[in-house]
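Structure first, commentary second.
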Amino acid sequence: MRTDFAFVGVMLVTAALLMGVALIAASLLRPKKPSKAKLETYECGMETVGDTWVQFRVQYYVIALVFVLFDIEAILLFPIAVAFNSLTFFAVANVALFVIVLLIALLYAWRKGALDWE
Amino acid sequence: MNFINDLLKIIGDFIAGIINSIFGFSPFLADLVTMGLAAIILCTFAALSFMGLTYVERKVVARIQDRVGPNQAGPFGLLQPIADGIKMFTKEDTTPAAADRWVYNLAPLVIAVFALTTYAVLPFAPGVVGTNLNVGVFFIIAIGSGSIVAIIMAGWGSNNKYALLGAFRTVAQLVGYEVPMLLNVLPVVMITGSLGLVDIINQQTTLNGNPGIPFIVFFPFSALVFLISGIAETARSPFDLLEAESEIVAGFHIEYSGMKFALFFLGEYVNALAVAFVFSTLFLGGYAGPVLPPYIWLLLKAAVVFFIFMWLRGTLPRIRVDQMHNLNWKFFVPVSIVHLVVVMVLMKLFVTSPALAQANGGILVTPAAQAAILFVASTLVLIGSLTVAARRARIMRLQEEAVLEQRRAENIAAVSA
Amino acid sequence: MTIHQVLFIVMALAILGSAIFVVTTSNLFRAALMLILTFFGVAGLFVLLDIGLFAVAQVLIYIGAISILLIFAVMLTRGMQGMVPRNSQAVAAAVTVGIIFAVLLLLFGPFRVTVDVARWPVFSLFAGNASPRDVGGIEWTPPNQPIPSVPETYIADFGRSLVDLNQYLLPFLLIAFLVDVVLAGAIFVARQRRPAEVIEDRRRQAEEAAEEAEAMRQAGMAPDVAPLPEGAVASTAEH
Amino acid sequence: MQNLLNGIPLWWYLAVSAALFCIGLYGALARKNAIALLMGVELMLNAANINLLAFWRYLAPTSSGGLAFAAFVLVIAAAEAAVGLALIIAVYRITRSIDPEKLDQMKL
């Protein structure tokens, strides 16, 4: 039995092989003369100071957080959208309620300043 | 006429026939070889279009900026992509000593592979599609997360402050713009009742293959937001914050050169072209069109969309980080949700099929009338939201100006005292 | 061996291998990457089960969202510096986990163990009356009965059941509220400022209040609140 | 003779899921880092999902109970990760450590 996803798997493997071949061919063709200066971390000619672990702002995490919560709603909304034509009006009202509750969450985050990027 | 129309399909069937006759002893092997060949053709198509697009884009942007663009290699600079390719292959490529070797070297591969995999589900003509997944739209959006992972890998693997910072910025942008994309695909899925791309195209065609009403008429708001999110999702100008040279040097691919950099570049262009194809499929009716063969129609539509990308790139300045986040979280997402609710309720009120009208209630209308109603509603949402946003922006600007005015007055007072 | 079996074994090995790497490595970032590989393998298993929707959802949510969150958290906490992979109870944990795995395999696996209930009456607690002598190796499908294929419309059926009052409407709506609460809580927790900043803030507030009270006293009015004593600043800051 | 789907008996899935669950449990019990601990929990939730979907597919593919529960598991896994990581970040800012063994005080 052949599923629809078989071709996706073949595509993944083929693309990986082709791109891998390109990388390997390039590594065979190109010159290879590493020197200490070449292998240094590039920072516009300055020497690297300190750790790569610069302090990240928590804003990135908050953005990812809001994204995750909207992402998980998609997994529930997409099947409902597929079934949309056969839904009753009551069901659609509930979906609207679901979406509006999410909108409230977003507005709350907005009010709290979680979406502001200073 | 039929021969021209179904050219791709006929060629495909021909090749499949040859393969079947060679590997007739094992249907499994025949299947595998057919699929492998199709995958190679798709990858080659993507890679060739990447080469072509770099040239076209440079020419177009040059014209917009009143320059000539590449004109040295070959006639009109047509050999420029090949020259670039040779350079990419032969350029020395170092792995920084501080880098995490495995992660650093795998990242470009991951981004290119995931970008190419998108093409597995795109329908190019009737019957010519890698695989008609019944979750096609969902698949395309999900496979985009692969590039997010690759970008984080590149940023971290380089072990470079700017790379990591650029990767973080990019990821925050990409994940943010995935939300309006998801929310604006939903109306299309609702009206089609399927996630498959072929079903979505069929919904936009009439029985004889001519275009019916494309979904851009139903949901102009969704189309607009999807297009802009698509540009942001592929990190093209004006959303190319990740390579803001003046701020973070070159973003997450600062340490990459040679072939690895080429793969990042390829991923970017292949993704952008995929967005153009997906937009044509979802909102412009895909390969449906009169007179011309279907694949030409699809290419034409995608070319128009891609030209819009290039046009924006040539004319708009890069937006700031806070503007980018504000546009997404404070405009696109909330208004998309409101739009979704409005469209949902209207689609349930005005139905086109008598059976559904009888079963669930609702007013029976013709498809054209439904399209008109949805068009008006969607446009109203668009105009209304733009008005509100413009008013808010004006108020904020006035406040800022007042503060500046006050400060200036204080300064003058201080100087004169 | 059919191709599906081969694929299953490859995916299972990838899943388990990368999962073991996740729980043993000391490099947290690589652990997160391997976790992504595990999730990808699990999506592959869902494809083998013919549930494309969940394979895609797995990629979208676990790879596209949860791993990104994990990686961001790793970056924000510098959680990798000087990390020891195991804590003091690792050996005990390994033994416990081994026992649990053995029991689970006994329950789910193909092995059938025959136990004399007369000698081990405690087993009748688990086995019940249905099969007094056989414990473990539960037959989940009646033998030689074909497994029905997934209906073509399973996505639509699933969507319909989510908003059906008799099925999953309540959990569906509860999820919206759960998301609200999670968002509010997580933003509140994540955006909380450092104690030093809070102390600084409180001190400034206290100073302002004191100034105000001073001004009022000079204006000849009785202050509403007594100015805070010196020690009060520190004690309020601790809470 | 057990029933097969694509030549794979149900217990293969259950065995993989059990193994994944146990690996996740080990991670949750034996790691000295709160984020690694959460990774273990995610593995366990994934194992539960394999179980739910495998049982659904083999035993009741015509109903949608298994899918619904698997979807809820997905959602709750994401919510759990979001809150858990937010807590870890908050704790880290105050104590500069995310070793769960050191977090033995109710008050930070």
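Because the structure is a prediction, the values reported are computed rather than measured. Note on naming: letters A, B, ... go to the chains in the order of the sequence lines (proteins, then strands), and numbering restarts at 1 for each one.
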Point to revise | Option passing side chain to side chain contact (heavy atoms under 4.5 Å, CB included) with C/L173 (candidates A/N94, A/V95, A/V101) | key: A/N94
So what's closer than 4.5 Å to chain A heavy atoms on [X]: side chain, backbone, both or neither?
X: C/V181; value: neither
X: C/L69; value: both
X: C/L169; value: side chain

**Study point:** Residue A/Y108 versus chain C: region with a heavy atom under 4.5 Å
**Key:** side chain
Exercise for review: Describe, in one word, how the ring planes of C/F72 and A/Y60 are oriented to each other, choosing from parallel (under 30°), tilted (30 to 60°) and perpendicular (over 60°).
Suggested key: perpendicular
Exercise for review: Between chain C and each of A/V82, A/I80, A/I72, count heavy-atom pairs under 4.5 Å; write down the option with the most.
Suggested key: A/I80
Review point. Among A/L102, A/V66, A/I75, A/L76, which has the most heavy-atom pairs under 4.5 Å with chain C?
Key: A/L76
Check your understanding: Considering heavy atoms only, which positions within residues 150-159 of chain C lie below 4.5 Å of chain A?
Key -> C/I155, C/A156, C/F158, C/G159
Exercise for review: Please tell me if the side chains of A/L87 and C/R160 come closer than 4.5 Å, counting only heavy atoms from C-beta onward.
Suggested key: yes
Point to revise | side chain to side chain contact (heavy atoms under 4.5 Å, CB included) between A/F5 and C/V56, worked out | key: CA-CA 11 Å; A/F5 273 91; C/V56 175; 4.0 Å; yes
Check your understanding: With sequence neighbours excluded, what pairs up with C/D180 under the salt bridge (charged side-chain N to carboxylate O under 4.0 Å, His left out) test?
Key -> none
